Colleague: 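Below is one structure. I have some questions about it.
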Amino acid sequence: MKTYDPLVFLAVFQEMLGPLLWILPLLALGTAVGFGWVWRRDGHLVSRRLVQSELLGLLGGGVALVVMAAVSSSGFTDAAGPADWFLILIVYGTGFVATMLLAYTVMGLLGRPSGRAT
């Protein structure tokens with residue numbers, strides 16, 4: 001691969017993820033907008049909601065690893081070097097943060113506003 005062609009990456013991700021390739025970015029955009037709206041409405045982060053969403057984030061990181069193993073041709077026993085384990089940590093961390101933000105946003109939208117901090 002002597003030249004950089006983003007369409008090659010798009011084709012590979014489309015093959016691996018199928019419709020999830022388009023659903024996940026839309027979900028991420030909706031989560032980011034919703035999180036910003038909830039944060040602006042409340043005026044601060046609500047600690048109880050944040051801790052609950054962090055606990056759900058632990059599960060979300062695990063789900064991200066399961067999805068990674070399902071869509072790739074390798075499993076966790078194939079991880080041989082530091083780069084493989086670093087990638088596994090990145091996938092877990094991304095799943096953790098994404099689930100935490102989604103959970104915080106959903107709890108903020110479904111719950112009552114906490115009011116402005118003084």
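What you are looking at is a predicted structure, and each value in this text was computed from that prediction instead of being measured.
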Colleague: Given 3.5 Å as the limit, does a donor-acceptor pair link the side chain of Arg49 with the main chain of Gly111, or not?
Modeller: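 Checked: no pair found.
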Colleague: For Tyr104 and Glu54, what are the C-alpha separation, side-chain angles and deciding distance, and is it a side chain to side chain contact (heavy atoms under 4.5 Å, CB included)?
Modeller: CA-CA 8 Å; Tyr104 187 92; Glu54 287 172 344; over 6 Å; no
Colleague: In Å, rounded to the nearest 0.5 Å, how long is the span from CZ of Arg41 to CG of Leu109?
Modeller: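 Result: 6.5 Å between the selected atoms.
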Colleague: Keeping the roles fixed (side chain from Tyr92, backbone from Leu58), state whether a donor-acceptor pair exists under 3.5 Å.
Modeller: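 Yes; at least one donor-acceptor contact below 3.5 Å.
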Colleague: Could you see if Val66 belongs to whatever hydrophobic cluster contains Ile23? Use Ile, Leu, Val, Met, Phe, Trp, Tyr and a side-chain cutoff under 4.5 Å.
Modeller: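 Unlinked, Val66 and Ile23 end up in two clusters.
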Colleague: Which pair of non-hydrogen atoms, one from Thr31 and one from Leu101, has the smallest distance, and what is that distance?
Modeller: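 What the structure gives for the nearest pair is CG2-C, 3.7 Å.
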Colleague: Could you state whether Trp22 and Leu27 fall into the same hydrophobic cluster, counting links through intermediate Ile, Leu, Val, Met, Phe, Trp or Tyr residues with side-chain heavy atoms under 4.5 angstrom apart?
Modeller: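 No, no single cluster joins them.
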Colleague: Transitively linked via ILVMFWY side-chain contacts under 4.5 Å: Leu56 with Phe35?
Modeller: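 As far as the 4.5 Å side-chain criterion goes, Phe35 and Leu56 are not connected within one cluster.
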Colleague: Could you walk me through whether Val33 and Thr105 pass side chain to side chain contact (heavy atoms under 4.5 Å, CB included), step by step?
Modeller: CA-CA 9 Å; Val33 169; Thr105 301; over 6 Å; no
Colleague: Taking C-beta and beyond as the side chain, do Val38 and Met107 meet within less than 4.5 Å on heavy atoms?
Modeller: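 Contact flag for Val38/Met107 side chains = no.
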Colleague: Taking atom CG of Leu20 and atom CG of Leu26, what is their separation to the nearest 0.5 Å?
Modeller: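 Rounded to the nearest 0.5 Å, the CG-CG separation comes out at 11.5 Å.
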Colleague: Treat each ILVMFWY residue as a node, draw an edge where side-chain heavy atoms are under 4.5 Å apart, and state whether Leu45 and Leu55 are in one component.
Modeller: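 Same cluster: Leu45 reaches Leu55 through Ile, Leu, Val, Met, Phe, Trp or Tyr contacts under 4.5 Å.
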Colleague: Distance check, rounded to the nearest 0.5 Å: Leu65 atom CG versus Leu89 atom CG?
Modeller: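 Result: 8.5 Å between the selected atoms.
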Colleague: Is there a path of hydrophobic side-chain contacts, each under 4.5 Å between heavy atoms of I, L, V, M, F, W or Y residues, that connects Met68 with Leu102?
Modeller: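 No, separate clusters.
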Colleague: To the nearest 0.5 Å, what is the distance between OG1 (Thr3) and CG (Asp5)?
Modeller: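 Thr3 OG1 to Asp5 CG: 6.0 Å, rounded to 0.5 Å.
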Colleague: Looking only at heavy atoms, what is the nearest atom pair of Gly95 and Ala64, with distance?
Modeller: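 That closest heavy-atom pairing would be CA-CB, 3.7 Å.
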Colleague: I'd like to know whether Leu10 forms a side chain to side chain contact (heavy atoms under 4.5 Å, CB included) with Leu7, so could you lay out the CA-CA distance, the side-chain angles of the two residues, the decisive distance to 0.1 Å, and finally the verdict.
Modeller: CA-CA 5 Å; Leu10 180 64; Leu7 293 178; 4.2 Å; yes
